[in-house]
Amino acid sequence: MAEAPASAPAGSLFVLNSLDANVQVLDPASSSDLRRVPVLREPHHLVLTPARDLILVGDSGANEMFLLDPRSGEVRRREPISNPYNLGFTPDGRRLVVTSLRRNQVDIYRWDGAALAFEGRLQAGRKPSHVTFSPDSRFAFVTLQGEAAAIAVDLDTRTEAWRAEVGRDPAGILWHRGRILVGVMGGDYVSVIDPVARRADRQITVGRGAHALFEGPRDGLVYVTSRVDSRITALDPQTLEIKRVHEIGGGPDCLTFDADGTIWATLRWTGRIASIDPRSGAARVSRVGRSPHGILFAPTAAA
């Protein structure tokens, strides 16, 4: 495997090592440890606040949310949150939505820029997993891994507005240019939902274990990880046709992008992360902790 360039924009990488119960903070230029922040049991996903002044880390096994300084990694405070498996802010930054894979619930919080205020809960069905949002912040779209479906949640009424069948064991979900894209982990494809017709009308084959979806901030491509076939597929943002495929061993799971557009991936099965040049495919692999899941690049200017 070719080596990626050693240089990287100023900032830090935050990696959630689920089975080591810690947040590993790394220097992206060298992939060396800056610090390891202990949590309680099993962190999976994390998100930067809209003001970019805090990182929220969901420790789903411990029912805790850790709020970290994005520059130092220090824990600012902790809050009790019911099984925070996955989480995301609405585009307007006014709400945080937390999905509970274990407790079959979707929790909605008001966010005022400093504190969370619980608004309500939806008993969503079996295994609510990943979340994305409509551009107007009215709806959250959540995959149900136990029901082969994705649902639209009306955040004002906290009710299920509609659902679409997508395929067995759906995971990642992304609102993209008026469509909703879903990685079907029990298959090898991305299911494309028309939110007006409220049904899936297309499948895009990307590889077995199709999992999470991310939009490249610089190139606009849609990146899909496939954990079983161990690849990252880049889709054209307009046509959704395959533009390139990055074969990367170890079960790529979550992605983040630094300010230069370099792709950073957690390799779930091998306890490593990879940095990948999206144009050449050159990659560098580095060891981290056990079962790395969520990953986030936080630029130095985040706070």
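Only this structure's heavy atoms are used, side chains among them; waters, hydrogens and symmetry mates stay out. Each residue takes its place number in the sequence, starting with 1.
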Return the [atom1] to [atom2] distance between [X] and [Y], rounded to the nearest 0.5 Å.
X	Y	atom1	atom2	value
S60	R103	OG	CZ	10.0 Å
L46	N86	CG	CG	9.5 Å
D236	I242	CG	CD1	11.5 Å
I151	F139	CD1	CZ	12.0 Å
I204	D188	CD1	CG	12.0 Å
R52	I55	CZ	CD1	10.0 Å

Are the side chain of [X] and the backbone of [Y] linked by a donor-acceptor contact shorter than 3.5 Å?
X	Y	value
T266	C254	yes
D33	R35	no
S230	G250	yes
D258	T262	yes
T225	A212	yes
H45	V57	no
S280	A282	yes
R168	G186	yes

Shortest non-hydrogen contact between [X] and [Y], atoms and distance:
X	Y	answer
I180	P195	CD1-CB, 4.0 Å
Q105	S82	NE2-OG, 2.7 Å
P135	P91	O-CB, 3.9 Å
L19	R290	O-NH2, 2.6 Å
P50	G93	CG-CA, 3.7 Å
A274	L267	CB-CD1, 4.1 Å

Say whether [X] and [Y] are linked into one hydrophobic cluster, either directly or through other cluster members, by side-chain heavy-atom distances under 4.5 angstrom.
X	Y	answer
L54	V75	no
Y109	L155	no
V98	L56	yes
F297	V288	yes
V37	L34	yes

query: Do the two ring centres, one from W111 and one from F89, sit under 6.0 Å apart?
result: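 Between W111 and F89, the centre distance is under 6.0 Å.
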Does a side chain donor of either [X] or [Y] reach within less than 3.5 Å of an acceptor in the other side chain?
X	Y	result
R126	Q145	no
T300	R71	no
N17	N22	yes
S18	E42	no

message: With salt bridge (Lys or Arg N to Asp or Glu O under 4.0 Å) as the rule and sequence neighbours excluded, what pairs involving residues 82-94 come up?
response: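 Non-adjacent pairs meeting salt bridge (Lys or Arg N to Asp or Glu O under 4.0 Å): zero.
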- request: Please report the C-alpha distance between K243 and E241 in whole Å, then the side-chain angles of each, then the deciding distance to 0.1 Å, and finally whether the salt bridge (charged side-chain N to carboxylate O under 4.0 Å, His left out) criterion is met.
  value: CA-CA 6 Å; K243 298 290 289 184; E241 295 177 352; over 6 Å; no
For the pair [X] and [Y], find out whether any cationic side-chain nitrogen is under 4.0 Å from an anionic carboxylate oxygen.
X	Y	answer
R95	E119	yes
R279	D277	yes
E74	R76	no
D194	R199	no

- request: State which residues pass side-chain contact (heavy atoms from CB on, under 4.5 Å) with A62; sequence neighbours excluded, sorted by chain then number.
  value: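 If we apply the side-chain contact (heavy atoms from CB on, under 4.5 Å) test to A62, skipping adjacent residues, the hits are L40, R41, D59, E64.
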- prompt: Residues two or more places apart in sequence or in another chain: which of them pass side-chain contact (heavy atoms from CB on, under 4.5 Å) with R244?
  reply: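 L221, Y223, A234, H246.
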message: Pair V222, L181 - check side-chain contact (heavy atoms from CB on, under 4.5 Å), show working.
response: CA-CA 10 Å; V222 175; L181 312 180; 4.0 Å; yes
task: Test side-chain hydrogen bond (donor to acceptor under 3.5 Å, both in side chains) on S226 and D229 and set out the steps.
output: CA-CA 6 Å; S226 297; D229 278 340; over 6 Å; no
message: With side-chain hydrogen bond (donor to acceptor under 3.5 Å, both in side chains) as the criterion, how do Q123 and N104 come out once you've worked through the C-alpha distance, each side chain's angles and the decisive distance to 0.1 Å?
response: CA-CA 6 Å; Q123 294 300 141; N104 299 328; over 6 Å; no
task: Apply ring pair (Phe, Tyr, Trp, His ring centres under 6.0 Å) to W264 and F257, showing your working.
output: CA-CA 6 Å; W264 294 86; F257 303 85; over 10 Å; no
field: Residues W175, F133; criterion side-chain contact (heavy atoms from CB on, under 4.5 Å); working and verdict
entry: CA-CA 6 Å; W175 176 279; F133 301 96; over 6 Å; no
- request: Answer yes or no: does atom CZ of R102 have more than 12 heavy-atom neighbours from other residues, nucleotides or ligands under 6.0 Å?
  value: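 More than 12 within 6.0 Å, yes.
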- request: Please assess I248 against R231 for the test side-chain contact (heavy atoms from CB on, under 4.5 Å), listing each intermediate value before the final yes or no.
  value: CA-CA 5 Å; I248 184 82; R231 67 173 59 137; 5.8 Å; no
message: Quick one, I295 with L255, criterion side-chain contact (heavy atoms from CB on, under 4.5 Å). Give me CA distance, side-chain angles, the key distance, then yes/no.
response: CA-CA 6 Å; I295 185 170; L255 306 181; 5.5 Å; no
